[in-house]
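A short worksheet on the structure shown next.
Scope of the values below: all heavy atoms of this structure, side chains included, with no hydrogens, waters or symmetry mates.
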Amino acid sequence: ASAVDSQAARVKVALPDGVTLDRRDPPPVRQDGRTLVFELPPVPGNGKQEVALQVKPTRLGELTVNAEVATADGLQASKAATTRVEQGRI
């Protein structure tokens with residue numbers, strides 16, 4: 001099977017309370033409260049486009065980052081990543 005080019009896509013990433021945004025690549029086109037919005041160009045078949053975020057926790061406990069993507073031709077997907085921040089021990 002041959003590779004298919006993707007359409008342009010809009011990615012929305014919702015940051016939870018309890019984190020501060022340290023780094024993002026590429027920069028978002030806008031920020032609505034705690035939601036970052038990225039506009040990604042089309043990608044050739046077998047290519048990839050990444051959005052990289054680095055956050056710092058400001059509290060202990062469970063933190064969940066939610067992301068959703070929608071392409072110009074109507075495809076949609078969503079994903080959540082959860083981590084637990086605990087007090088360090090020496």
Side-chain angles (χ1 to χ4, degrees):
S2 63
V4 176
D5 296 346
S6 78
Q7 299 290 315
R10 174 176 288 148
V11 177
K12 294 181 180 180
V13 179
L15 300 177
D17 290 332
V19 301
T20 58
L21 183 61
D22 192 38
R23 252 190 16 215
R24 61 240 177 245
D25 183 37
V29 294
R30 72 176 184 274
Q31 185 168 348
D32 299 328
R34 299 197 59 79
T35 300
L36 306 172
V37 180
F38 301 87
E39 299 287 346
L40 304 180
V43 177
N46 291 328
K48 68 178 181 177
Q49 177 75 12
E50 294 181 343
V51 172
L53 302 174
Q54 181 175 330
V55 297
K56 290 184 180 178
T58 59
R59 65 170 175 83
L60 300 177
E62 199 168 87
L63 302 169
T64 300
V65 175
N66 293 293
E68 58 185 56
V69 62
T71 63
D73 57 351
L75 297 176
Q76 296 181 359
S78 62
K79 190 79 172 176
T82 300
T83 191
R84 174 170 290 284
V85 180
E86 296 180 351
Q87 183 69 45
R89 294 182 185 91
I90 295 179

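- Contact of the Val37 side chain with the Pro28 side chain is not registered, since no non-hydrogen atoms from C-beta on lie closer than 4.5 Å.
- Other residues, nucleotides and ligands contribute more than 12 heavy atoms inside 6.0 Å of the CD atom of Gln54.
- At least one donor-acceptor pair closer than 3.5 Å links the side chain of Gln31 to the backbone N or O of Gly33.
- Note on Leu60 and Leu15: same hydrophobic cluster, where clusters join Ile, Leu, Val, Met, Phe, Trp and Tyr whose side-chain heavy atoms are under 4.5 Å apart, directly or indirectly.
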* To do: Test Leu53 against Phe38 for side-chain contact (heavy atoms from CB on, under 4.5 Å), laying out the working first.
  => CA-CA 12 Å; Leu53 302 174; Phe38 301 87; 3.9 Å; yes

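- The environment of Arg23 atom CZ is sparse: at most 12 non-hydrogen atoms of other residues, nucleotides or ligands sit within 6.0 angstrom.
- Between Pro42 and Ser6, the shortest heavy-atom contact is CB-O, 3.3 Å.
- For the pair Asp22/Val55, no side-chain contact is recorded, criterion being any heavy-atom separation below 4.5 Å from C-beta on.
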* **Full working for side-chain contact (heavy atoms from CB on, under 4.5 Å) between Val65 and Val13** => CA-CA 7 Å; Val65 175; Val13 179; 3.6 Å; yes

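- Using a 4.5 Å heavy-atom cutoff, the side chains of Pro44 and Asp5 are in contact.
- The side-chain hydrogen bond (donor to acceptor under 3.5 Å, both in side chains) analysis of residues 70-79, with sequence neighbours excluded, yields the pairs Thr71-Asp73.
- Proximity of a side-chain donor or acceptor of Arg34 to a complementary backbone N or O of Ala14 within less than 3.5 Å is not detected.
- Within a 6.0 Å radius of CG in Asn46, no more than 12 heavy atoms belonging to other residues, nucleotides or ligands are found.
- Side-chain atoms of Arg10 do not come within 3.5 Å of backbone N or O of Glu39 as any donor-acceptor pair.
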* Worked verdict on Thr82 versus Leu63 for side-chain contact (heavy atoms from CB on, under 4.5 Å) -> CA-CA 6 Å; Thr82 300; Leu63 302 169; over 6 Å; no

